[in-house]
Amino acid sequence: MGRIRGQRELRQALLSSKDEKAGSASYPMTPIGLIRSCFSTRNGTPRQPMLVTLARGSLVLSSKNVAAEAFDGLSQYSHCWLIYVFHENTDLPGLWKQPPHKDFKAKVRVPRLDGGKMGVFATRTPHRPCPIGLTVAKVEGIQGATLLLSGADLVDGTPVLDIKPYLPYCDSVPAAVAPSWVKAGGDDDVIAMASVDFTEAFSEELAKCWETMGKLSLYSSWMEFQGLLKQVLSRDIRSLSQRQKPHNAILSALNEQYLNAPKDVSFDPLQKALDNAENFDQADLVVDADQSTPVVDKTEDAEASTLDAEYEKIERDDKVVYHLVLEGVDVSYTLLEDGKVVVEGASLTKALKPPASRDFDPRNWRHLFTNTA
């Protein structure tokens with residue numbers, strides 16, 4: 001009875017606010033832990049789960065909030081659901097300061113529709129009235145307070161609110177339907193790349209990087225890591241704006257800023273770029289419906305022109321060199337007109353991170369990953 005009474009009192013307290021209008025209540029929550037992921041930045045993080053089956057990561061529980069015993073029994077399931085926060089949304093601070101859903105844009109531009117708009121609830125855009133995400137991942141193993149995962153589409157540092165086991169008998173809906181534009185694979189996949197090739201120079205540079213990063217990685221060799229890279233780049237990871245106007249190469253420039261960020265200092269390259277752009281109106285940002293990186297609307301060239309000079313520096317020899325950061329490794333690549341990806345270079349960054357905990361050595365757990373989802 002005491003528990004029921006306590007639950008009732010908590011519910012009443014949450015619903016009793018100064019503004020008693022419907023929908024005004026808020027529900028504060030504390031993350032149970034953080035994701036350590038091979039995806040160092042938002043750029044390159046898959047738009048959906050299970051598209052990159054070689055993606056590896058871990059969830060480390062917060063010892064202050066949740067005991068490791070909460071994982072007991074989870075290893076009996078092959079997959080689990082993760083409920084998390086889109087913590088790198090650039091509009092996140094405004095959500096907490098403004099009234100609920102004020103000035104929220106109900107429609108977003110969809111990359112697979114070449115910029116055509118859809119209602120936010122018909123997409124999986126991270127920019128939502130409540131920036132909460134849901135994804136599925138494969139359970140690879142458990143060590144103490146650390147859960148090993150694969151196939152997840154989460155950027156490093158993602159706060160997780162809850163974990164639920166995946167139940168095939170009720171979570172899978174064989175008769176479910178979806179619009180044709182959201183289907184991955186096949187000839188109609190507008191973001192599928194023709195091929196991904198690696199230059200000899202890249203392989204040599206990656207092998208050299210591995211001498212350092214191999215000690216911190218869940219991948220057993222640089223060749224295995226190269227397999228991850230091939231899966232990531234098999235789909236066009238550029239934003240809609242980049243595909244329409246590649247010479248801006250916005251994400252590439254932002255990644256270069258990220259690579260030069262101080263090792264132990266919190267740094268948001270996109271926010272810094274916006275702060276440094278004179279007369280730039282954030283209201284002119286268009287949200288990419290499949291990833292958490294805002295892009296500049298082509299129809300607002302006047303406002304965006306202040307950013308062009310910032311990004312010209314990444315054009316070399318009349319070609320655009322893009323950058324992708326995986327596990328703290330800066331990978332540079334170019335795109336050919338026929339949809340082929342050529343990976344050209346690799347170098348270590350200042351973003352290399354130690355193991356998730358003192359008791360967790362990635363090298364002891366690589367054998368658990370089966371490379372299948």
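These numbers come from a predicted model, not from an experiment. We use all heavy atoms of the structure for the numbers below, so side chains are in, but hydrogens, waters and symmetry mates are not.
- In this structure, the side chains of F39 and L154 stay at 4.5 Å or more apart for every pair of heavy atoms.
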Working for side-chain contact (heavy atoms from CB on, under 4.5 Å), residues K64 and S62
CA-CA 5 Å; K64 296 181 179 179; S62 170; 4.0 Å; yes
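- Under a 3.5 Å cut-off, the side chain of E224 and the backbone N or O of S220 do form a donor-acceptor pair.
- The SG atom of C80 sits 12.0 Å away from atom NZ of K138, with the distance rounded to the nearest 0.5 Å.
- Nearest approach of S195 to D197, heavy atoms of both residues: OG-OD2, 3.6 Å.
- From N43, atom CG reaches atom CG of L326 across 9.5 Å, with rounding to the nearest 0.5 Å.
- Without hydrogens or angle criteria, T146 side chain to I142 main chain gives no donor-acceptor distance under 3.5 Å.
- The residue from L233, V232, V342 that alone fulfils the side-chain contact (heavy atoms from CB on, under 4.5 Å) condition with V196 is L233.
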- Take K117 and V108 through the test side-chain contact (heavy atoms from CB on, under 4.5 Å) and record every step on the way to the result. CA-CA 5 Å; K117 290 187 176 183; V108 294; over 6 Å; no
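- A donor-acceptor contact closer than 3.5 angstrom links the side chains of S150 and E140.
- You'll find the side chain of M118 stays beyond 4.5 Å of the side chain of T125, heavy atoms only.
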Step-by-step side-chain contact (heavy atoms from CB on, under 4.5 Å) determination, L149 to L82
CA-CA 11 Å; L149 301 165; L82 300 173; 3.7 Å; yes
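- From R42, atom CZ reaches atom CG of D156 across 13.5 Å, with rounding to the nearest 0.5 Å.
- You'll find the side chain of S37 stays beyond 4.5 Å of the side chain of V155, heavy atoms only.
- The minimum heavy-atom distance between A68 and L61, with the atom names listed, is CA-CD1, 4.1 Å.
- Salt-bridge annotation for R36 and E327: absent, with no side-chain N of the basic residue lying under 4.0 Å from a carboxylate O of the acidic one.
- If you chain together hydrophobic residues whose side chains sit under 4.5 Å apart, L34 and V66 never meet in one group.
- Looking only at side-chain heavy atoms (C-beta outward), F121 and P129 come within less than 4.5 Å of each other.
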Checklist entry - Do E344 and F202 pass the side-chain contact (heavy atoms from CB on, under 4.5 Å) test, and can you show the C-alpha distance, the side-chain angles, and the key distance before you say yes or no? => result CA-CA 5 Å; E344 300 178 339; F202 165 79; 5.7 Å; no
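- Residues D338 and A194 share a closest heavy-atom pair of O-CB, 3.6 Å.
- Using bins of under 30°, 30° to 60° and over 60° for the plane-to-plane angle, the ring pair F86/Y84 lands in the perpendicular bin.
- Put simply, L348 and W210 are part of the same group of oily side chains (I, L, V, M, F, W, Y) that touch within less than 4.5 Å, one to the next.
- Taken together through direct or relayed side-chain contacts under 4.5 Å among Ile, Leu, Val, Met, Phe, Trp and Tyr, W181 and V177 form parts of separate hydrophobic clusters.
- Here the CD1 atom belonging to I237 is positioned 9.5 Å from the CE atom belonging to M193, to the nearest 0.5 angstrom.
- Between I132 atom CD1 and I83 atom CD1 the span is 8.5 Å, to the nearest 0.5 Å.
- Taking NZ of K208 as the reference point, atom CG of L206 lies at 12.5 Å (rounded to 0.5 Å).
- Side-chain atoms of R235 never come within 3.5 Å of backbone atoms of I191 as a donor-acceptor pair (strictly under, hydrogens ignored).
- Counting only distance, with no hydrogens or angles, the side chain of T349 and the backbone of G328 share a donor-acceptor pair below 3.5 Å.
- With contacts defined as side-chain heavy-atom distances shorter than 4.5 Å, the pair C38/L228 qualifies.
- Here the shortest heavy-atom pairing between G345 and E205 reads CA-OE1, 3.2 Å.
- Hydrophobic cluster membership differs between Y333 and L336, with clusters built from Ile, Leu, Val, Met, Phe, Trp and Tyr side chains linked at under 4.5 angstrom.
- Considering all non-hydrogen atoms of both residues, V136 and H79 come closest at CG2-CB, 4.1 Å.
- Counting all heavy atoms, side chain and backbone alike, L51 lies closest to Q231 at O-OE1, 4.5 Å.
- Under the 4.5 Å side-chain heavy-atom criterion for grouping Ile, Leu, Val, Met, Phe, Trp and Tyr, V331 is connected to M223 within one hydrophobic cluster.
- With a 4.5 Å cut-off on side-chain heavy atoms, Y322 and L324 do not count as touching.
- Within the 4.5 Å cutoff, the side chain of K105 has no heavy atoms near those of the V120 side chain.
- Between W81 and Y166, the ring planes lie tilted relative to each other; the angle falls in the 30° to 60° range.
- Between V52 and D153 there is no side-chain heavy-atom pair separated by less than 4.5 Å.
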